[in-house]
2 protein chains.
Amino acid sequence: MRTDTVYKKAFNRTANMLRDGQLAGELPSENELRRRMCVSRTTVRKVLQELIRRQLVTEHSGIRAAGRAVDDNDYYPDAETTPRAKHVEQHFMEWMLRRDTRPGTSINELELARQFGVATNGIREFLIRFSRFGLIEKRPNTGWLFKGFTEDFALELFEIRVMFELRSAHLFSRQPGTSPLWGKLAALKIAHTELLKRIEIRYHDFSGLDNRFHRLINEASPNRFIDDFYDVITFIFHYHYQWNKQDEKQRNQAAILEHVAYIDALESRDPERIKQACQAHLASARTTLMRSLIGLDQ
Amino acid sequence: MRTDTVYKKAFNRTANMLRDGQLAGELPSENELRRRMCVSRTTVRKVLQELIRRQLVTEHSGIRAAGRAVDDNDYYPDAETTPRAKHVEQHFMEWMLRRDTRPGTSINELELARQFGVATNGIREFLIRFSRFGLIEKRPNTGWLFKGFTEDFALELFEIRVMFELRSAHLFSRQPGTSPLWGKLAALKIAHTELLKRIEIRYHDFSGLDNRFHRLINEASPNRFIDDFYDVITFIFHYHYQWNKQDEKQRNQAAILEHVAYIDALESRDPERIKQACQAHLASARTTLMRSLIGLDQ
DNA sequence: AGCATGAACTTTATCCATAAAAAACAACTT
DNA sequence: AAGTTGTTTTTTATGGATAAAGTTCATGCT
């Protein structure tokens, strides 16, 4: 049966809004709520119905208003708000990066399905989606081959990344001075220096900033294939570093400094300087990844 | 139910071998046949059983040999030898390129399933696989958006293609003279000039040659992401030109000449000359595609 | 006319079932 | 011991069913 994670997530969000007082007085119309939560009206109605049943919302002659205070255990647990497909993703990435899954291992849809507690269909869809990451390969009628999260993989990934990033940085720097992206870049630079001040405790925030920065660079000259490739990178890094936290603070601190130098270079519009800064940053990112790969490898 | 296309294709192939006299005398063992046909022994046995039933093969005391002559209508029809997934692909590509499918159209899994006569599952798997081509986009819980086979698409595709090809051509030219790829390149050049002589009738053969040529260039410095991207190109071109045959002979003739110039440039190892030849060729490929796109667009 | 709610309908996400194909096991032959 | 064939088990490809979520239609209220 389809999971009701959309409903549960919407419910939790609405409960949050009630608690924050964002929904004081008469509640907005179903359509208005629908728009705010990005779900269908059907789901909004289901949420409202349950809120009323639990007296979190009252309804008198068609007028709805906040009811009793929201309690911590009114919320659905987080696990129930993620769709199956996402669970499969998480399980699989853990299976791949955490366990001793060696290059050359063959992947068995049925076995994974049993292990993750989902239907084979879900596994298969995930694997198809995942195959564009270049880590697995399908052999028809037979199964999938895990090619390994290896040094080769990292090298090939970074070769493309450098190519794309140099191209995008170059095009970024040649935008007219009137482009709004310059403003965004300046803002990002400030965010970087702010984070640097609080690095001791906030170093986790870097990955969000990293993402915003590299996506901003691409924004000046959009290309869907480059964007897609950046999705690959984001995905890989997300999971890889989630389970690989050595030196995180130090790594991020260094990366912030590199970003700042890179931003300065962009603002200078000097092609050679941009190239240097960009390459320096990516080279260090690559070294970091490679080092942690070797740790993974024994 | 799963289709038995693997069996039927294997059957047809075996029938062909019988007809060609490749299986004269005592038939090879099941294992040997298995290896030659790249299917499992289970399938081989099924084929043999049917061949015997139809007396195309005789069996006396465990010895199998060719039986009566193979007739044209011993073969299974071609349509029955392609798996469902492939049918879906063909139908979808036709739907996309042939019909007046406009950018922004939303794609309905259920409707396509009905239209193509398959289960929704198959459609969904195809769409997931196809999504890496950058022509469709998934919106969760809602459906897929067709972004259109547009001019933008072609431009973005070619921007990447040029980047990759320049990189690969450059690295190819810097291989040691002892690399076996130089020999392959020379052979390909001959194949090109041969084809040119027979261009009047054999111009269809160009696409195979084109593929071999560009894949050879990539072989000198393998990168899975570049290979994958070349798969995208191959796929797109395959279907696009399958339905768009204006000027095919002329186009291919021009492309052969460009290839030869490109090969000469590679053999000269002169970076600047390589760059020129490569760019010239890709520019003309792009123009061709763009022109046919405009035809498609009204 | 435009927006709100109610109800009906359609589509997606998900599970389950099963024949075809592959793989593993067993027994036999040379 | 290595290669055959026969048999059994496992896995993949594909169809089908259904609750959840999205969308459309109908009705009523300013």
Side-chain angles (χ1 to χ4, degrees), chain A residues 1-10 26-34 37-49 59 62-64 83-88 106-114 117-128 138-144, chain B residues 1-10 27-35 37-49 59 62-64 83-88 106-114 117-128 138-144:
Chain A
M1 193 205 324
R2 187 173 177 168
T3 56
D4 56 356
T5 52
V6 173
Y7 153 70
K8 284 177 175 166
K9 189 173 244 164
E26 188 179 343
L27 255 56
S29 79
E30 294 173 358
N31 265 320
E32 175 55 25
L33 282 169
R34 184 188 88 75
M37 323 264 295
C38 301
V39 295
S40 74
R41 194 160 67 86
T42 306
T43 301
V44 167
R45 300 187 96 220
K46 200 170 161 188
V47 169
L48 285 172
Q49 200 184 353
E59 179 175 38
I63 308 283
R64 284 179 290 248
R84 264 320 167 335
K86 190 76 183 172
H87 276 144
V88 170
S106 72
I107 295 169
N108 186 317
E109 293 177 4
L110 199 57
E111 191 192 312
L112 289 184
R114 277 190 295 246
V118 298
T120 51
N121 246 310
I123 300 288
R124 176 188 282 247
E125 284 177 14
F126 171 76
L127 293 173
I128 296 172
K138 185 167 172 55
R139 287 164 313 169
N141 301 315
T142 300
W144 299 79
Chain B
M1 193 205 326
R2 187 173 176 168
T3 56
D4 55 356
T5 52
V6 173
Y7 153 70
K8 284 177 175 165
K9 189 173 245 163
L27 255 56
S29 79
E30 293 174 359
N31 265 320
E32 175 56 26
L33 283 169
R34 185 187 87 75
R35 232 163 295 148
M37 323 264 296
C38 301
V39 296
S40 74
R41 194 160 68 84
T42 307
T43 301
V44 167
R45 300 189 96 222
K46 200 171 162 188
V47 169
L48 286 172
Q49 199 185 352
E59 179 175 40
I63 308 284
R64 283 180 290 246
R84 275 300 187 277
K86 190 77 183 171
H87 275 144
V88 170
S106 73
I107 296 169
N108 185 317
E109 294 177 3
L110 198 58
E111 191 192 313
L112 289 184
R114 277 189 296 245
V118 297
T120 51
N121 246 314
I123 300 289
R124 175 187 282 246
E125 285 177 15
F126 171 76
L127 292 174
I128 296 172
K138 184 166 173 53
R139 287 164 312 170
N141 302 314
T142 301
W144 299 80

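Labels below follow one simple rule: chain letters A, B, ... track the order of the sequence lines, proteins then strands, and each chain is numbered from 1.
When heavy atoms are screened at a 4.0 angstrom cut-off, B:Gly143 is found touching the sugar-phosphate backbone but no base atom. No engagement by A:Lys86 is indicated, since no non-hydrogen atom pair under 4.0 Å with the nucleic acid exists. Backbone-only engagement by B:Arg64 is indicated by non-hydrogen atom pairs under 4.0 Å involving sugar-phosphate atoms exclusively. Counting non-hydrogen atoms under 4.0 angstrom, A:Asn108 reaches the backbone sugars and phosphates but no base. Among the protein residues, A:Thr120 comes within range of no part of the nucleic acid, since none of its heavy atoms lies under 4.0 Å from any strand.
Position along DNA chain C of the nearest nucleotide to A:Pro140 versus B:Trp144 favours B:Trp144 as the more 5'-ward residue. Place B:Ala119 and A:Asp4 on DNA chain D by their nearest nucleotides, and B:Ala119 ends up nearer the 5' end. Of the two residues contacting DNA chain D, namely B:Arg41 and B:Val118, the nearest-nucleotide position lying further toward the 5' end is that of B:Arg41. Between A:Arg45 and B:Asn121, the residue anchored closer to the 5' end of DNA chain C is A:Arg45, taking for each the nucleotide with the nearest heavy atom.
Under the side-chain contact (heavy atoms from CB on, under 4.5 Å) test applied with B:Glu32, the options B:Arg34, B:Glu30, B:Arg35 reduce to a single match, B:Arg35.
One can place NZ of A:Lys9 at 15 Å from C1' of D:dA20, the figure rounded to the nearest angstrom. The CG-C1' distance, from A:Leu110 to C:dA22, rounds to 13 Å in whole Å. Atom C1' of nucleotide D:dA13 and atom CG of A:Leu127 are separated by 14 Å, given to the nearest angstrom. In this structure, A:Arg139 places its CZ atom 14 Å from P of D:dT11, rounding to the nearest Å. One atom, CE of B:Met1, and another, C1' of C:dA20, lie 9 Å apart when rounded to the nearest Å. B:Glu125 has its CD atom 14 Å from the C1' atom of C:dC15, to the nearest Å. Computed from coordinates, the A:Phe126 CZ to C:dA13 C1' distance equals 17 Å when rounded to whole Å. If you measure from atom CZ of B:Arg34 to atom C1' of C:dA21, you get 12 Å, rounded to the nearest angstrom.
A close approach under 4.0 Å does not occur between any side-chain nitrogen or oxygen of A:Ser40 and OP1 or OP2 of D:dT23. Distances shown here put a side-chain N or O of A:Arg114 below 4.0 Å from the OP1 or OP2 atom of D:dT11. Contact check, B:Lys46 against D:dG6: no side-chain N or O comes under 4.0 Å of OP1 or OP2. Phosphate proximity of C:dA21 to B:Lys8: absent, as no side-chain N or O sits under 4.0 Å from OP1 or OP2. Distances shown here put a side-chain N or O of B:Thr43 below 4.0 Å from the OP1 or OP2 atom of C:dA22.
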Do A:Phe126 and B:Ile128 pass the side chain to side chain contact (heavy atoms under 4.5 Å, CB included) test, and can you show the C-alpha distance, the side-chain angles, and the key distance before you say yes or no?
CA-CA 9 Å; A:Phe126 171 76; B:Ile128 296 172; over 6 Å; no
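For D:dT14, the base has no donor-acceptor partner in the side chain of B:Arg84 [N/O atoms by modelled type, under 3.5 angstrom]. The base of C:dT12 has none of its N or O atoms less than 3.5 Å from a complementary donor or acceptor on the side chain of B:Thr142. With hydrogens and angles ignored, a donor-acceptor pair under 3.5 angstrom links the side chain of B:Thr42 to the base of C:dA23. Residue side chain A:Arg2 does not reach the base of C:dA13 through any donor-acceptor N/O pair under 3.5 Å, judged by distance alone.
Using a distance-only test at 3.5 Å, with no hydrogens or angles considered, a donor-acceptor pair links the side chain of A:Thr142 to the main chain of A:Pro140. Under the 3.5 Å distance criterion, the side-chain polar atoms of A:Asp4 are left unmatched by any main-chain donor or acceptor of A:Tyr7.
For B:Arg124, taking side-chain heavy atoms from C-beta onward, the closest of the listed nucleotides C:dT12, C:dT5, C:dA21 is C:dT12. Nearest nucleotide to the A:Val6 side chain, out of D:dG22, D:dT12, C:dT12: D:dG22. Comparing C:dT14, D:dT5, C:dT12 by their closest approach to the side chain of B:Asn31 singles out D:dT5.
Side chains of B:Asn141 and A:Arg2: a donor-acceptor N/O pair is present below 3.5 angstrom, by distance only.
For the pair A:Asn121 and B:Glu125, the minimum side-chain heavy-atom distance is below 4.5 Å. For the pair A:Val47 and A:Val39, the minimum side-chain heavy-atom distance is 4.5 Å or more.
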